[in-house]
Amino acid sequence: MKAGFIAIVGRPNVGKSTLINKLVAEKVAIVSDKAGTTRDNIKGILNVKDNQYIFIDTPGIHKPQHLLGEYMTNIAVNILKEVDIILFLIDASKAIGTGDMFVMDRINENSNKPKVLLVNKVDLISDKQKEEKLKEIEEKLGKFDKIIFASAMYSFGIAQLLEALDPYLEEGVKYYPDDMYTDMSTYRIITEIVREKILLKTRDEIPHSVAVEIIDVERNEGKKDKFNINIYVERDSQKGIIIGKNGKMLKEIGMEARKEIEDLLGEKIYLGLWVKVKDDWRKKKPFLKEMGYVEEK
Ligand SMILES: Nc1nc2c(ncn2[C@@H]2O[C@H](COP(=O)(O)OP(=O)(O)OP(=O)(O)O)[C@@H](O)[C@H]2O)c(=O)[nH]1
Ligand SMILES: [Mg+2]
């Protein structure tokens, strides 16, 4: 038996959540094209023969602009101190920039554990660009214990990644039962599914201004359960956009989310979505706490 905790870190939008979902072959983390999608540390557990890989997806590390951003970056940075292996993701299709170097600095400050660099989105670059990328990595980021080229989206490089991590797992331990693949509760996954549908349909500030909470579940004998869910935004104008003309947008969000939640639960449900305004909630600690976005000490 061997096991290890592996933090998947990197700047926003490099594909961390896409990778963890591919690794555990389940959707544990939501994915979108908007930077800042993930707000929690999320475990994805993979058992291969006698190896247990415990991956931790993290929010993109960035220079925060408000309390929510601070929470997101802090939990991603703090987990660096606790894991056995650091898996640092960069985007192959973009030049290595200050955002990546900012993450590298946080890694070096907080961990002396093995560091594996995963160059993701290689489907977007040529073989020649791969060679150039290696030089750029050495110049801007320095040395790594291993470097892997992969495409989380196309499941390319996954086997090589598991092989690269194998020597760094700790002998003689196992932390989770075989059938457990995440630490996310079903309710948390449900609110994240709703948030994902909103992220995929909105732009500018809206994706960042949305929080989702389950208010209650009405259970009636012989009828479908009804999940009442609040969607919080920061201003009235955002509420209008999410509801849409004649409620069209909210209806679409509801339909898409409901289908996915039904697949997850294996039963039909009603979904009641309610849009509420909480002015500037991303800057307000009590509300962040209510949403679970405050670090437990
Ligand atoms: N072409 C390509 N796109 C990818 C790949 N992996 C992820 N993406 C896309 O990149 C975008 C961001 O993916 P996420 O997995 O949400 O990125 P993340 O690093 O978790 O982002 P944050 O949670 O915001 O930090 C999405 O549009 C993905 O579909 C890949 O291997 N190739
Ligand atoms: Mg993510």
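Whatever order the structure lists them in is the order used to number ligands and atoms, beginning at 1. In this chain, residues are counted from 1 in sequence order.
- The two residues Gln52 and Leu169 come nearest to each other via the heavy atoms O-CD2, 4.4 Å.
- Contact of the Lys2 side chain with the Asp50 side chain is not registered, since no non-hydrogen atoms from C-beta on lie closer than 4.5 Å.
- For Gln129 (side chain) and Ser126 (main-chain N/O), a donor-acceptor pair under 3.5 Å exists by modelled atom type.
- You'll find the side chain of Ile214 reaches within 4.5 Å of the side chain of Phe227, heavy atoms only.
- Between the side chain of Lys34 and the backbone N or O of Thr202 there is at least one donor-acceptor pair closer than 3.5 Å.
- Side-chain N/O atoms of Asn230 and Tyr232 include a donor and acceptor closer than 3.5 Å.
- For Glu256, the side-chain hydrogen bond (donor to acceptor under 3.5 Å, both in side chains) partners two or more places apart in sequence, or in a different chain, are Lys201.
- With respect to Val9, the side-chain contact (heavy atoms from CB on, under 4.5 Å) criterion is satisfied by exactly one of Leu89, Leu80, Asp57, Val83: Leu80.
- Every side-chain hydrogen bond (donor to acceptor under 3.5 Å, both in side chains) that His62 has, sequence neighbours left out, goes to Thr73.
- Inside a sphere of radius 2.8 Å centred on the Mg ion (ligand 2), the protein N/O/S atoms present are Ser17 OG, Thr38 OG1.
- For a heavy-atom separation below 4.0 Å, the residues in contact with ligand 1 are Pro12, Asn13, Val14, Gly15, Lys16, Ser17, Thr18, Val31, Ser32, Asp33, Lys34, Ala35, Gly36, Thr37, Thr38, Gly60, Asn120, Lys121, Asp123, Leu124, Ser151, Ala152, Met153.
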